Participant: 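Take a look at the following structure, please.
Keep in mind the model is a prediction, meaning the values are calculated, not measured. Chain letters run A, B, ... following the sequence lines, proteins first and then strands; every chain starts at 1.
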Amino acid sequence: MAASSAVVAILASIWLCSSIAADASGSSSETTMHTNNWAVLVCTSRFWFNYRHMANTLSLYRTVKRLGIPDERIILMLADDMACNSRNKYPAQVFNNENHWLNLYGDNVEVDYRGYEVTVENFLRVLTGRHESAVPRSKRLLSDEGSHILLYMTGHGGDEFLKFQDSEELQSHDLADAVKQMKEKHRFKELLIMVDTCQAATLFNQLHSPGVLAIASSMKGENSYSHHLDSDVGVSVVDRFTFYTLAFFERLNMYDNASLSRLFNSYDPNLLMSNAYYRTDLYQRNLQEVPVTNFFGSVMETVHTDSAYRAFPQKNTPRETRIRTGKTAEDDSRRSILTDMTKAECPFTRIVSSLESKMETVGNLDSLVNYGLVMILPVLVVSVWLST
Amino acid sequence: MAEVEKKEVAAATPPWKPKPRPIVRLGIVLISHSLLVSVVCCTAGVVALFLLPMLAKNTYISENALMPGSASSMLSNDDISEAERLAKDLTSLNSGAADAGIERRRVLAKYLSDLGVEVGYHKFEPHQNQFHPLHFFSSPDSGLSRENGSCSSYGINVVGIIRAPQADGKEAIVLVTPFNFRKNSSSEALSISIGYAVFSLLSRVTWLAKDIIWLVADSQYGEYASVASWLRDYHIPVFSASSSDNADSCFEGNNINLLREESLDQTEISSGFRRAGTMAAALVLKVTDVKGQLEDTLSVYAEASNGQMPNLDLINVVNYLAVHRQGLRVKVEKFISVLRWEWIWVLGDTLNFIGKVAGSLNPEWKFGISTPDYVEGTATLANLLYRQALGIPTGPHGAFRDFQVDAITLEISPKVVYTNQGRRNEFILRSARLIEGVVRSVNNLLEKFHQSFFLYLLTSPAKFVSVGVYMIGFALLVAPLPLVAASLYVDANKPDPSSQGPKHKLQINFKPWKWLSAAKQVFTVHAWGVFVSLLPYFISQIPNSTPAAHSIIWFSLSTFGLLVLYLITKSPFKPQKGEWENLKSVTISVVFIGLLLMSVVNFATAQIGALVLVPACLLAQPLKLDIRDASLKSFLRIACNVFISFVAFPPVGFFVLKGVNEGSGNMDVGEFWTWLESLWAWNSATYIYIGMVHLPCWVLCLHILLHSC
């Protein structure tokens with residue numbers, strides 16, 4: 001997806017230099033299309049008794065993968081010392097429920113930052129994209145100004161800080177600074193930060209960058225509690241906030257249109273035993289109109305161009321904006337979104353199609369070329385005369 | 001810059017003396033009111049000691065990793081029936097037979113190797129703890145046990161080791177069940193049952209992160225000796241070939257070889273010493289029959305040598321699991337006699353009342369405590385202080401503490417002796433589940449126990465007083481000592497107002513000399529104290545004599561030594577003015593230093609010692625002066641002095657305590673000797689304290705009382 005959009009941008013700048021290029025690159029993120037989705041999932045604690053944090057992160061990893069974000073766009077940071085911990089009664093398996101129906105640690109878990117690599121430094125490097133040259137692409141957050149990024153963090157936190165593996169702290173200032181850098185570097189269009197720690201809301205205190213939406217499991221002075229204990233494994237396996245988040249997503253599939261406000265309203269303080277907090281003042285869109293899949297799933301719009309590998313577009317190639325809705329796309333609400341999306345075309349498509357329609361009106365292409373050649377002769381004469 | 005300022009100030013205000021700093025002024029004020037300060041501080045110190053049960057906090061599990069009780073028990077009835085089969089096989093063997101011990105060991109080893117765990121025998125020669133003056137505070141010595149070459153008596157421990165299936169084998173948890181292979185004891189068989197049930201379960205589970213060692217300690221020579229010698233061999237391997245040859249030759253012809261060969265026929269029982277990783281914790285499991293209990297009870301013993309305690313978290317885990325999971329009643333030992341003291345109950349009532357009044361004034365003040373709780377707490381605290389002060393371990397767990405391993409003894413006593421198999425199985429199930437829970441909890445540990453307290457006093461299994469609280473009472477008690485010493489010194493060396501002029505100079509010159517002479521006296525008496533503490537080593541070499549005879553020899557030799565010293569060092573001059581004040585001042589300073597040092601080594605000893613020595617030292621004043629004074633105050637002082645110096649004499653103090661505790665029955669002079677012998681046999685620092693701090697100071701106080709000024 002990123003590659004195709006890049007190619008489109010290059011072609012646009014070659015063909016139609018001035019006006020379109022200015023329109024595309026000079027625009028702010030509000031006008032940029034949402035073209036891709038990324039997820040950064042961080043578990044900041046280690047040790048056996050923090051089993052639930054790893055289970056939280058792996059559950060969310062599974063959910064976003066199920067909803068369509070591919071592994072290559074998920075940066076997973078885990079201490080990863082549970083599955084093969086000698087205390088684990090079920091070797092190489094991690095569960096987030098005592099019913100053990102779902103092994104989160106299957107054979108398709110790609111952990112990008114593991115063990116002692118999960119540090120504040122690496123975390124900030126991933127966000128801001130300032131890596132050493134040797135860091136492989138798979139460990140980088142290669143997002144652009146069309147990206148929606150989900151940043152999920154869990155672990156032990158406090159007032160305006162988050163502990164990293166009992167040895168470091170990430171402060172709210174650090175997070176805000178990293179987000180600001182990301183904004184400056186056009187690394188995201190919209191960013192959803194979701195934090196499940198004690199006093200998680202305090203971590204957002206310093207955020208100022210537009211386009212950031214933040215949700216926390218607990219307010220200042222509150223604890224985030226674990227949901228239940230697996231007496232077979234002997235540890236708590238999931239936190240309440242994450243548990244109810246997952247419960248919400250389990251009812252959804254890739255094509256659902258549940259809005260973010262529905263997710264946010266699904267948190268019941270009595271069940272959480274803390275108050276979920278969300279910060280929307282930096283976020284422009286109305287939460288009721290934003291589907292959760294904008295962050296937790298992958299982008300649904302595909303710009304199809306066969307022109308990528310040809311010098312000239314073929315005459316009768318239809319350039320359509322196809323929306324992959326579900327097989328059952330009958331209901332009205334879905335239709336309305338569909339029409340909204342077709343209206344919002346990208347500028348390049350617009351210009352190409354207007355050119356094309358003009359060419360249609362001309363009718364005979366050969367005669368147009370002949371007239372053109374004849375028109376060139378006077379121009380040539382005049383220019384020769386001027387140069388002598 | 002500062003110097004310039006100082007100079008300027010000095011230049012500006014030449015007529016006035018520079019004002020001393022506030023701390024110096026405070027010191028001067030305290031010293032000049034030392035009598036008031038010492039009365040207030042000592043009273044506060046004693047009151048603080050009696051307030052400790054009230055200040056006790058509820059215990060809590062400090063280490064996150066422990067997570068006790070979060071896993072459900074996996075122990076099944078199959079484990080128990082198997083364990084009961086083992087117990088039956090062990091008890092059914094004819095106890096009269098000479099080789100019953102060997103047969104039992106073989107049965108046990110067979111069962112263990114059937115579980116698929118590593119089994120090994122550990123043979124050891126029990127050696128009597130012997131007094132050696134240089135062995136105090138030294139590490140356990142491996143060479144000690146190997147010196148005596150008698151091959152006649154030895155014990156054999158059976159050791160089973162489960163290797164943790166997914167771990168690196170760097171750590172281990174130790175279970176110990178003392179078992180006398182020669183005798184048939186139903187309660188010991190019960191403890192083997194419990195141990196085996198847990199062990200067989202642990203040999204199957206997948207969640208072990210630490211190896212499990214089960215030591216069935218041969219208790220025919222005492223529980224402590226077998227565990228201690230196994231630990232010594234575990235930690236201090238012997239590499240020299242000669243000693244192993246010696247040991248082999250020693251056992252040649254003995255039935256140990258027979259035993260080993262026969263065992264080898266059936267299973268692979270290693271002849272070498274088996275080891276696992278460093279020990280994270282150890283649990284000693286015992287079952288005792290105590291008559292007249294209302295429910296199944298678990299007694300926790302934690303005191304190791306010199307009053308060292310295991311980490312509080314270990315006790316917390318056991319207490320939590322026993323109370324909240326298995327419904328056992330947990331108790332720690334207490335002085336029963338304290339419960340009978342009327343005045344403690346009155347004190348408890350008073351404190352209860354004060355707490356209620358305070359609570360009605362401000363509901364946030366919640367320091368009330370019910371009277372029975374207070375009395376129980378005091379009895380427990382008194383027992384704990386006594387046990388710590390003795391410095392003798394209360395069980396085989398003490399041997400682990402010498403290697404910095406946290407260990408406790410769990411003594412489980414059933415309500416009745418179970419005859420019904422179902423009830424018996426249920427008892428085993430509960431006890432085994434408790435052990436399993438503790439093992440699983442300790443298994444979760446990532447590091448050594450370190451999160452909770454090592455320095456604490458328990459007032460009940462679930463309440464403790466931390467070091468920061470109990471040190472206050474002690475600090476208050478000893479705080480007056482330096483003040484009084486300073487004040488006495490100042491008083492003694494004050495220039496005589498009547499003798500001014502040229503004499504004044506002379507007196508100033510004599511000041512250091514007077515102080516030095518007092519110091520010399522104190523030093524001499526302390527040297528005598530060292531001599532007295534070393535005497536028992538030589539006396540105990542005398543063959544064929546009773547403890548009473550030992551005591552008498554010791555007493556007479558000490559007195560003789562003191563007399564000789566007194567005659568040698570007796571000053572030929574008339575007693576100088578202020579001599580006894582100087583002497584008292586130096587004595588008090590030495591007591592202060594001694595108590596402080598002791599409080600670091602063994603707090604309980606220092607606390608009890610301070611309760612006796614501080615009033616004795618502070619009150620000491622020549623009887624002659626008081627008699628000359630002949631007022632009510634001086635008579636009171638005489639009475640106090642005589643009483644305290646009588647009680648503070650160690651043998652008298654011992655018998656008084658014994659009388660209070662057990663009632664005045666038969667008092668044998670030899671008992672004191674036996675008591676002291678046990679102190680030095682266990683390398684207790686209390687022995688050193690009595691010999692080198694308490695006794696000399698008592699003599700010095702007596703010297704001051706009888707001073708001829």
Participant: If we check salt bridge (Lys or Arg N to Asp or Glu O under 4.0 Å) with Lys139(A), which of these qualifies: Glu72(A), Glu117(A), Glu132(A)?
Facilitator: Glu117(A)
Participant: Check whether Asn85(A) gets within reach of chain B through its side chain, its backbone, both or neither, counting any heavy atom under 4.5 Å.
Facilitator: backbone
Participant: Specify whether Phe273(B) and Trp230(B) have parallel, tilted or perpendicular ring planes, treating 30° as the upper limit for parallel and 60° as the lower limit for perpendicular.
Facilitator: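 Phe273(B) vs Trp230(B) ring planes: tilted.
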Participant: Check whether Ala65(B) gets within reach of chain A through its side chain, its backbone, both or neither, counting any heavy atom under 4.5 Å.
Facilitator: both
Participant: Please look at Leu446(B) and chain A and tell me whether the side chain, the backbone, both or neither of the residue comes under 4.5 angstrom of a heavy atom of that chain.
Facilitator: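 Contact with chain A is through both the backbone and side chain of Leu446(B).
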Participant: Between Val233(A), Leu229(A), Asp232(A), which shows the greatest number of heavy-atom pairs under 4.5 Å with chain B?
Facilitator: Leu229(A)
Participant: Only one of Leu175(B), Leu321(B), Asn443(B), Ile408(B) clears side chain to side chain contact (heavy atoms under 4.5 Å, CB included) with Val438(B); which?
Facilitator: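 Exactly one candidate clears the test, Leu321(B).
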Participant: Working note: Glu250(A) + Arg62(A), criterion salt bridge (Lys or Arg N to Asp or Glu O under 4.0 Å); need CA distance, chi angles, decisive distance, verdict.
Facilitator: CA-CA 11 Å; Glu250(A) 281 306 305; Arg62(A) 177 186 163 274; 3.1 Å; yes
Participant: Does the Lys NZ or Arg CZ of Arg274(B) fall within the cation-pi geometry relative to Tyr234(B) - under 6.0 Å from the ring centre and within 45° of the axis?
Facilitator: no
Participant: Highest number of heavy-atom pairs under 4.5 Å with chain B: which of Ser236(A), Gly234(A), Ser231(A)?
Facilitator: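 With the most close heavy-atom pairs to chain B, the winner is Ser231(A).
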